[in-house]
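Along the sequence shown, the residues carry numbers beginning at 1.
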Amino acid sequence: LYQLTQGRTGEAGQWGMRYFHPTPPLLCRRSPAPFTAKASALALACALALGGCATEPGTGTPAAQPPAAPAAPAVPPPAEAVPAAPAAADGHEEGFVQWRNAFAAQALAEGIRPDTVRNVLAQAQWQPRVIELDRSQPEFTRTPWAYLDSAVSPLRVSQGLAKLEQHSTPLQAAAERYGVPASVVTAIWGIESNYGSNFGTFKTVDALATLAYEGRRHDWARSQLLAALRIIDRGDIAAEAMIGSWAGAMGHTQFIPTVFQAYAVDADGDGRRDIWGSIPDVAASTAHFLVREGWVPGETWGTEVQLPPGFDHARAELSVRQNTAQWAAEGVRAMDGNALPDLASASILAPAGARGPAFLVGKNFRTILRYNNSTNYALAVALLSQRLSGGPGVVAEWPRDLQPLSREQTRQLQAALNAKGFDTGTPDGVLGPATRAGLRKYQQSQGLVADGYPTLELLRSLAPAGTNP
């Protein structure tokens with residue numbers, strides 16, 4: 001799963017499963033053969049000429065048909081099948097049209113119907129705003145508490161409770177069918193699209209075609225564009241109604257096209273898998289994804305805990321796992337005084353370091369990470385679902401006096417750690433496991449609590465004399 005940005009402007013939450021490639025979706029029977037420019041133009045001309053003959057006049061969209069059983073896993077189209085985008089900044093409109101014509105030939109070879117190529121792909125529009133968003137990077141990393149303040153706000157909780165009541169029948173039906181609590185599905189819904197009020201404003205085909213032509217991940221975007229065309233081919237949604245984020249995530253719970261193909265469910269029995277307008281389909285599809293990705297029915301995501309004095313914070317990583325009894329034997333206690341939940345493979349998380357709250361999390365927390373590989377995101381879903389089930393919010397105080405580091409300051413921290421022999425990998429301004437490991441080793445060398453949490457104080461202690469980071 002690839003990360004693009006931290007979140008949407010003005011909303012907590014992230015575009016769900018933006019660049020997640022699920023294991024099951026087998027999208028095509030064979031890899032396309034490369035096309036010459038002449039063959040591409042000829043194939044497109046045939047598509048445009050014959051597209052109107054694909055259906056009888058006046059019949060409208062054909063009835064939805066199940067996709068043919070694939071014989072081989074889908075792979076991104078080979079690079080030589082479609083010309084690369086021009087390097088020059090000028091002429092994007094003309095270059096996009098040329099690329100679109102060449103890609104139309106590939107779409108035909110992949111089995112996309114000629115009328116879909118003619119009426120949908122050939123009408124795709126270049127969207128410069130998509131490229132701007134794709135290339136943008138947030139200056140500061142959001143702290144866990146800033147993220148959660150927005151993602152699990154009192155308003156989002158109250159709206160979620162109202163949605164649970166309003167749509168109790170389809171949400172409970174999905175819970176009974178898949179074993180995923182309605183509160184969890186509703187929490188994902190709330191964070192992904194604010195309960196359907198913010199799908200995004202881009203036509204999915206336009207956004208993906210733009211990214212496929214000029215974005216940072218051409219091959220990924222091309223595979224998603226083909227999947228989007230197949231969804232339209234099948235009759236699940238009309239092209240003009242396929243609306244989503246700039247990154248191609250769609251509908252109430254922001255499925256990307258390949259995830260839609262693998263997990264979307266027609267729960268209301270109308271013959272279409274509709275994650276834009278059918279709450280039964282939305283609830284069932286979201287629960288289906290989670291259970292297929294490892295959700296354990298009847299098991300909680302985890303709980304907030306109190307750590308014992310002297311706890312080794314270097315062990316507060318998802319990669320360190322043991323059962324609840326072992327953590328309890330080390331002195332880990334639930335914040336509410338009750339027994340810890342019975343989790344066979346549990347980890348300790350301290351997202352704000354030693355001064356902030358700590359959580360015991362199990363397999364279902366890791367399953368939420370399959371939806372969006374961000375600890376902040378998974379914690380937001382978990383805590384929002386807990387509030388929607390009548391449970392408490394976070395009890396321990398966050399260290400709100402700590403300032404977040406900018407990306408440049410994080411790069412400086414990484415470079416300074418590397419210079420002192422505490423390897424963090426290539427400085428990139430992104431805090432990951434390698435940076436935390438290097439920072440912990442430095443903290444240990446200084447007799448500090450080795451929680452791996454970056455602070456301005458640590459950066460200043462590492463900075464060369466005479467500099468002011």
Side-chain angles (χ1 to χ4, degrees), residues 6-7 12-14 138 140-154 191 300-321 327 330-337 340-341 346-362 365-366 368-369 373-387 391-406 409-410 413 430-433 435-444 446-461:
Q6 173 121 9
Q14 298 171 309
F140 288 90
T141 300
R142 295 179 76 186
T143 61
W145 54 91
Y147 185 91
L148 294 171
D149 284 349
S150 179
V152 196
S153 66
I191 292 172
T300 184
W301 65 270
T303 190
E304 187 180 358
V305 294
Q306 184 174 13
L307 301 178
F311 179 80
D312 179 7
H313 277 80
R315 300 178 65 220
E317 288 282 353
L318 285 173
S319 58
V320 179
R321 301 174 188 176
W327 287 117
E330 294 182 23
V332 176
R333 298 288 182 265
M335 288 294 288
D336 60 8
L340 292 173
S347 304
I348 298 293
L349 286 185
R355 289 183 54 195
F359 304 89
L360 180 75
V361 300
F365 185 90
R366 297 193 295 272
I368 298 170
L369 286 171
N373 194 25
S374 158
T375 300
N376 282 353
Y377 175 89
L379 193 57
V381 170
L383 291 170
L384 180 55
S385 69
Q386 183 169 285
R387 294 294 309 279
V394 178
V395 176
E397 293 293 327
W398 294 101
R400 294 179 181 272
D401 58 305
L402 296 180
Q403 300 178 35
L405 298 187
S406 69
Q409 288 173 325
T410 302
L413 177 72
V430 178
L431 181 68
T435 303
R436 289 196 299 272
L439 183 54
R440 281 173 175 147
K441 290 178 182 177
Y442 170 75
Q443 289 172 317
Q444 288 169 342
Q446 301 298 304
L448 304 172
V449 175
D451 60 5
Y453 190 78
T455 65
L456 193 57
E457 181 181 4
L458 283 170
L459 175 58
R460 287 170 177 163
S461 73

Legend entry - Donor-acceptor pair, side chain of Ser347 and main chain of Val320, under 3.5 angstrom: yes
Inset, instruction - Report the C-alpha separation of Leu307 and Ile348 in whole Å, then their side-chain angles, then the decisive distance to 0.1 Å, and conclude whether the side chain to side chain contact (heavy atoms under 4.5 Å, CB included) test is met. - result: CA-CA 9 Å; Leu307 301 178; Ile348 298 293; 3.9 Å; yes
Legend entry - Counterpart residues, side-chain hydrogen bond (donor to acceptor under 3.5 Å, both in side chains), relative to Arg355 (two or more places apart): Asp401
Inset, instruction - Drop me the distance from Leu340's CG to Trp327's CH2, to the nearest 0.5 angstrom. - result: 11.0 Å
Inset, instruction - Look up atom CG in Asn376 and atom OG in Ser150, then write down how far apart they are to the nearest 0.5 Å. - result: 11.5 Å
Inset, instruction - Output all residues satisfying salt bridge (charged side-chain N to carboxylate O under 4.0 Å, His left out) with Glu330, sequence neighbours left out; order by chain, then residue number. - result: Arg315
Inset, instruction - Verify, without hydrogens or angle tests, whether Ser153 (side chain) and Asp149 (backbone) share a donor-acceptor contact under 3.5 angstrom. - result: no
Inset, instruction - Give a yes or no on whether Glu317 atom CD has more than 12 heavy-atom contacts from other residues, nucleotides or ligands under 6.0 Å away. - result: yes
Legend entry - Audit row: Tyr147, Ser374, side-chain hydrogen bond (donor to acceptor under 3.5 Å, both in side chains) steps and yes/no: CA-CA 11 Å; Tyr147 185 91; Ser374 158; 5.4 Å; no
Legend entry - Main-chain N/O of Val395 paired to Glu304 side chain as donor or acceptor, under 3.5 Å: yes
Legend entry - Leu431 and Arg436: CA distance, side-chain angles, deciding distance, side chain to side chain contact (heavy atoms under 4.5 Å, CB included) verdict: CA-CA 7 Å; Leu431 181 68; Arg436 289 196 299 272; 4.1 Å; yes
Inset, instruction - To the nearest 0.5 Å, tell me how far Gln446 CD sits from Leu458 CG. - result: 9.5 Å
Inset, instruction - First locate atom CG of Asp451, then atom CG of Asp312, and finally report the distance between them rounded to the nearest 0.5 Å. - result: 10.5 Å
Inset, instruction - Look at the side chain of Arg366 and the backbone N and O of Leu318, then say whether any donor-acceptor pair between them is shorter than 3.5 Å. - result: no
